[in-house]
There are 2 protein chains.
Amino acid sequence: MAKITIRDVAREAGVSISTVSNALNDVDVLNPATKMHVLEVAERLNYIPNLNGKMLKSGKTMMLGFFTTSVAGPYFYKLVETMSRQCERHGYGLNVFVTKDKHVIMSNILGRRVDGVIIYEELKIDEDDIAVMEKDRIKAVFLDREFKGETMGSVIFDSYTAGYEAAKYLIGLGHKRIAYISGVDTMFDSVQRREGYRAALREYGLPPDDDYIIQGYFEEDSTFNAIKAFIRSYGHKLPDAFLAGNDLSAIGCIQALKAHGYEIPTDISVVGFDDIDIAPYFSPPLTTVRNPIARQGILAIDRLVGMIRGEEEGLSQKLPGELIVRGSSHVNIGRADRR
Amino acid sequence: MAKITIRDVAREAGVSISTVSNALNDVDVLNPATKMHVLEVAERLNYIPNLNGKMLKSGKTMMLGFFTTSVAGPYFYKLVETMSRQCERHGYGLNVFVTKDKHVIMSNILGRRVDGVIIYEELKIDEDDIAVMEKDRIKAVFLDREFKGETMGSVIFDSYTAGYEAAKYLIGLGHKRIAYISGVDTMFDSVQRREGYRAALREYGLPPDDDYIIQGYFEEDSTFNAIKAFIRSYGHKLPDAFLAGNDLSAIGCIQALKAHGYEIPTDISVVGFDDIDIAPYFSPPLTTVRNPIARQGILAIDRLVGMIRGEEEGLSQKLPGELIVRGSSHVNIGRADRR
DNA sequence: TGCAAAAATGTAACCGTTAACATGAAGAGA
DNA sequence: TCTCTTCATGTTAACGGTTACATTTTTGCA
């Protein structure tokens, strides 16, 4: 069965294609009676306009693209869920591309498969790519870097200050040996949090030690393994607190410490970032810096839609975190080295 | 700056548009020298073909659609990650639509925004919709129901047998009062698992009790709350085992039981479904029925691509689970009612 | 050198829409 | 009755590619 086009509807209804088009797009120039009739025929034939024709002609796809290296973990899926919902509110669809292939990204963006893009690609998009996008006046919002241009902007979490505040909080509890569990160095948030942490350490006279930077890849199981390995090598001089780059690694870290018989937070404090859904239900409930993921998603979409509509220019927004103190942190009573 | 089209490249290179098209699409009919020249010019002008033009003419978008009510939680994001990767392998992109709006779904499918679709919409797509899709020979794979047609099929987890086996396993441990923590009744997997569980109970002479069906919505925190409420009303006659509809609710259940002082698995056994990433790292490590999510995603994409290529018909596949015994289950020693 | 066949390139139709403009019908005023 | 609006509808040219087919150029061989 061949696909029904606007011409089929026109023929069947005994009108011209432009009349059909006008009827379907609610252009109030038609005789109400004919409009009704056309709509009926379209309904009867199960006519659905071909979006490719529509998009080509109008130059609009009514789709926004989200380019990301991953959707794994609470941070990403929460972001996707919120953005998706916000898109629907603006009448757009959200196209999620999970890829690390820059060529795929660029050809989809520049090939106009979407009207605008949200980018979280861990710096795979470089200066040159951005220049090309700017020349084409692509509308874009970055989530993984600061940027401000005419048609492109950014909405980021202030990870630097969050890292600084979290470290300061741990120092305030009396901790002296504070380790940082990082993601990878292409991740903006991981690096920013680490630098904030370092700044706080320096400020309070605790020299940052590179041995205390542990690669946890922002995942639970890899952190679990990393911490186990760490304990094996540094068991004699374990940190009295861990600042984990995100809640997932905080959880992995706690599991590993527990497995070695340490009690959290009595022996060792652990603080995370994000405040994911399960943070309050974990045992112990996680102390963490809340990342306004939902707000970030909503703002990103709003900015993007604003730029597409030509109502706003790109701007760079930075969202503050909020320290949520729960059960995984505790004043230091010097029990980390009990064995 | 106006967008560069194939005509601009043709003019600049001093050739016709078909030559440009052939050069770019690697049609081996061109003089290598002209091909090279055209490619150079295209490169210099930063020409990227407009995908809308391409799609309209070819009738192919090289995009597959995943329509889902949610991407939240390990099950979904794992599915999305795997499918996305598998798509890339076949040269397709994956378009994720998170929506509950049937109209959005149907117009995107029938409007040919994608070449084929994977559907997990918790029965929002009804018989009539399916009939319309079949008439249009839409290529589709369902993940949330069994289906077999000429251009549409399904790849599902055998949740019924999984529920049956899990319940049988708990009965084998000596448990007599086994509760089931369900999702919602529009969810295929939740219902199937529950029915399998009921069948096992009946088979072993333990009459299923509707009071022992708890709504946990497949989420951690809502299960946590549901179990707390349950304990308040049924504390005097608590189950000696919980069969949770998925690992997330198993975790929420365990947290709630722990909060009330029960020890898992000594006092109460808890078994989940899925075997999500964190299952082995949870304390206690979760006993669960492994859901081959990755395989499901890969097979779904493979089937879909096969149908698009016209190489295969729709077929209905059912993937078996695998009971993974870890630390959250234990032979019943009658301590559930200790207080 | 001439001519047929093969190779390379160009022309134009088409994919399914929208929208600017053209046409035709009906109503109003003289 | 005749023109002038106004309103309703039809005609057609885009949008940016691909591709069947036409045309031109090159090659091989008598």
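Numbered from 1 within each chain, the chains take letters A, B, ... in sequence-line order. Atom set for the values below is all heavy atoms of this structure, side chains included, hydrogens, waters and symmetry mates excluded.
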Problem - Gap between atoms CZ and P, on B:Arg7 and D:dT18 respectively (whole Å) - result: 11 Å

Fill in the blank from the handout: Taking five pairs at each terminus, the helix from C:dT1-D:dA30 to C:dA30-D:dT1 shows an axis bend, to 10°, of 60°

Exercise for the section: Return the 5'-most residue of the pair A:Ile17, B:Val29 with respect to DNA chain C, ranking by each residue's nearest nucleotide. Expected result: B:Val29

Problem - Candidate list B:Tyr75, B:Phe76, B:Tyr77, test ring pair (Phe, Tyr, Trp, His ring centres under 6.0 Å), partner A:Tyr77, passing option - result: B:Tyr77

Problem - B:Thr69, B:Ile105, B:Thr68 screened by side-chain contact (heavy atoms from CB on, under 4.5 Å) with B:Thr99, the one that passes - result: B:Ile105

Exercise for the section: Pick base, sugar-phosphate or nothing for A:Asn22, based on heavy-atom distances below 4.0 Å to the nucleic acid. Expected result: nothing

Problem - Nucleotide D:dT6, atom P - distance to CG of A:Asn31 in whole Å - result: 19 Å

Problem - Positive for side-chain contact (heavy atoms from CB on, under 4.5 Å) with A:Leu39, one of A:Met36, A:Lys35, A:Glu43, A:His37 - result: A:Lys35

Practice task
Evaluate the criterion side chain to side chain donor-acceptor pair (under 3.5 Å) for residue pair B:Arg112 and A:Asn50; output intermediate values, then yes/no.
Solution key: CA-CA 6 Å; B:Arg112 297 299 198 280; A:Asn50 178 305; over 6 Å; no

Problem - Under 3.5 Å donor-acceptor pair, A:Ser18 side-chain atoms to D:dG10 base atoms - result: yes

Handout entry: Nucleic acid contacts - residues 50-62 of chain A versus DNA chain D, non-hydrogen atoms under 4.0 Å
Key = A:Leu56, A:Lys57

Fill in the blank from the handout: Footprint ends on DNA chain C, 5' to 3', for atoms under 4.0 angstrom from a heavy atom of chain A, come out as C:dG16 to C:dA19

Problem - Flag side-chain contact, heavy atom, 4.5 Å: A:His90 against A:Leu64 - result: no

Practice task
I would like to know whether A:Asn52 and B:Asn52 meet side chain to side chain contact (heavy atoms under 4.5 Å, CB included); could you show each step before the answer?
Solution key: CA-CA 6 Å; A:Asn52 299 319; B:Asn52 298 321; 5.6 Å; no

Practice task
Tell me whether the OP1 or OP2 atom of D:dT9 has a side-chain N or O from A:Ser16 closer than 4.0 Å.
Solution key: no

Problem - pair A:Phe188-A:Ile156: side-chain heavy atoms closer than 4.5 Å - result: yes

Practice task
Check whether any side-chain N or O of A:Thr34 sits under 4.0 Å from OP1 or OP2 of D:dT9, and answer yes or no.
Solution key: yes

Handout entry: Centroid-centroid under 6.0 Å between A:Tyr120 and A:Phe66 rings
Key = no

Handout entry: d(CG, B:Asp8; C1', D:dC15) in whole Å
Key = 13 Å

Exercise for the section: Applying side chain to side chain contact (heavy atoms under 4.5 Å, CB included), run through A:Ile125 and A:Ile119 and close with a yes or a no. Expected result: CA-CA 9 Å; A:Ile125 312 271; A:Ile119 298 177; 4.2 Å; yes

Practice task
Quick one: label A:Val15 by what it contacts on the DNA or RNA (base, sugar-phosphate, nothing), any heavy atom closer than 4.0 Å.
Solution key: sugar-phosphate

Exercise for the section: Take A:Val184 and A:Met187 through the test side chain to side chain contact (heavy atoms under 4.5 Å, CB included) and record every step on the way to the result. Expected result: CA-CA 6 Å; A:Val184 282; A:Met187 300 186 83; 3.4 Å; yes

Handout entry: A:Met36 CE to D:dT9 C1', straight-line distance once rounded to whole Å
Key = 18 Å

Practice task
Kindly indicate, with the supporting measurements, whether the criterion side chain to side chain contact (heavy atoms under 4.5 Å, CB included) is fulfilled by B:Asp126 and B:Lys102.
Solution key: CA-CA 10 Å; B:Asp126 61 30; B:Lys102 196 165 80 176; 3.3 Å; yes

